[in-house]
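To start, the structure itself, in structure tokens.
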Number of protein chains: 2
Amino acid sequence: MKDLLLENLAFTLNGRLWIESTNDRFLGIGRLELLEKIDAYGSISKAAQAMGMSYKKAWDLVSSMNAQVRTPLVMTQAGGKKGGGAALTVEGKQVVEMFRGMQARFQQFMEQEADLLKA
Amino acid sequence: MKDLLLENLAFTLNGRLWIESTNDRFLGIGRLELLEKIDAYGSISKAAQAMGMSYKKAWDLVSSMNAQVRTPLVMTQAGGKKGGGAALTVEGKQVVEMFRGMQARFQQFMEQEADLLKA
DNA sequence: TTTCGTTATGTATGAAAAAATATAACGTGT
DNA sequence: ACACGTTATATTTTTTCATACATAACGAAA
């Protein structure tokens with residue numbers, strides 16, 4: 001065994017991955033899930049509710065993301081049928097797909113490293 | 001190019017990796033650096049100072065780490081030559097080496113993924 | 001013109017984390 | 001006995017951050 005010290009102790013490996021600009025965070029696992037739920041529900045408020053997050057927080061996150069790219073990731077409409085709604089733009093969907101892949105590879109990396117701990 | 005959306009925008013990929021138990025964090029990049037500095041200076045207070053961290057915070061971190069393993073990672077002495085001091089145990093050095101390697105591979109992973117963003 | 005559910009935005013409250021402050025104990029050497 | 005620099009620990013203050021609350025605007029449909 002390589003690691004006598006940590007074996008038998010209930011340790012788990014965890015981590016986070018995110019894309020940031022000089023000032024703000026751009027995209028992490030939380031924002032990714034929010035985008036996915038917006039895509040699923042067609043609404044920021046429903047997405048927020050599904051995540052147990054306040055509408056304001058969700059809106060702030062969307063606003064932050066949209067402000068950091070040339071083409072918004074989420075387009076919104078206030079008023080209209082059903083009161084309004086939100087949807088991912090093509091660019092938004094691209095970003096979701098890209099980061100979902102990155103996240104999957106990261107998960108794989110962590111599992112690999114966790115195995116190494118107990119090897 | 002794979003990612004037309006994010007290119008030319010000053011985005012960087014960042015991340016964190018840590019080992020945790022059910023209750024507390026055990027080891028991350030900050031604690032690793034603290035251990036390394038304790039090893040270098042032979043003192044918690046000097047290590048804290050070198051990291052721009054309060055002594056109390058450094059002490060708390062050491063206390064947390066030591067409490068989560070069978071054999072302490074850091075051994076301390078209050079009073080004595082030079083007022084006392086601290087040093088890594090053999091196990092402490094093992095943990096440092098182990099996590100430094102993990103951290104290096106993580107860095108490599110992130111660079112690889114960052115390249116993918118701009119490919 | 002009223003109702004409805006949503007987006008849009010500001011403000012206030014509360015909780016948690018971090019930092020600052022204070023004090024005691026310890027053991028070696030003077 | 002005293003000084004010194006360190007570990008050890010409690011308490012208080014400050015800062016940060018998340019949450020809650022409150023309100024307005026929007027646009028379609030009844």
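To find a chain, count down the sequence lines: A is the first, B the second, and so on, and within it residues start at 1.
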Looking at CG of A:L61 and CZ of A:R25, how far apart are the two atoms once the value is rounded to the nearest 0.5 Å?
10.0 Å
To the closest 0.5 Å, what do you measure between CZ (B:F109) and CZ (A:F109)?
7.0 Å
Mind listing the closest non-hydrogen atom pair of B:N66 and B:L73 along with its distance?
OD1-N, 2.7 Å
First encountered from the 5' end of DNA chain D, between A:K57 and A:G79
A:K57
Check nucleotides 8-14 of chain C against the protein and report each pair of N or O atoms closer than 3.5 Å, with its distance, or say if there are none.
residue, atom, partner, partner atom, Å
C:dA8, OP1, A:T76, OG1, 2.7
C:dA8, OP2, A:W59, NE1, 2.8
C:dA8, OP2, A:T76, OG1, 3.3
C:dA8, O5', A:W59, NE1, 3.4

Using the rule that two of Ile, Leu, Val, Met, Phe, Trp, Tyr join whenever any of their side-chain heavy atoms come within less than 4.5 Å, decide whether B:M75 and B:V95 are in one cluster.
no
Positional range of nucleotides in DNA chain D within the contact set of chain B, heavy-atom, under 4.0 Å
D:dG5 to D:dT11
Terminal helix-axis angle for the helix from C:dT1-D:dA30 to C:dT30-D:dA1, with five pairs defining each axis and rounding to 10 degrees
20°
Review item, side-chain donor-acceptor pairs of residues 41-54 of chain B, under 3.5 Å, at least two apart:
residue, atom, partner, partner atom, Å
B:S43, OG, B:S45, N, 3.2
B:S43, OG, B:S45, OG, 3.1
B:S43, OG, B:K46, N, 2.9
B:S54, OG, B:K57, N, 3.1

Ignoring hydrogens and angles, write down the donor-acceptor pairs under 3.5 Å from the side chains of residues 17-24 of chain A, residues two or more places apart or on other chains.
residue, atom, partner, partner atom, Å
A:W18, NE1, A:E20, OE1, 2.8
A:E20, OE2, B:N14, ND2, 3.1
A:S21, OG, A:D24, O, 3.3
A:S21, OG, A:Q68, OE1, 2.8

Is A:S45 touching bases, backbone alone, or none of the nucleic acid, heavy atoms closer than 4.0 Å?
sugar-phosphate
Using the closest heavy atom to pick a nucleotide of DNA chain C for each, name whichever of B:G52 or A:G83 lands nearer the 5' end.
A:G83
Within residues 19-32 of chain B, those residues having any heavy atom closer than 4.0 Å to DNA chain D are none
Using modelled atom types and a 3.5 Å cut-off, is there a donor and acceptor pairing between side-chain atoms of B:R105 and backbone atoms of A:E113?
no
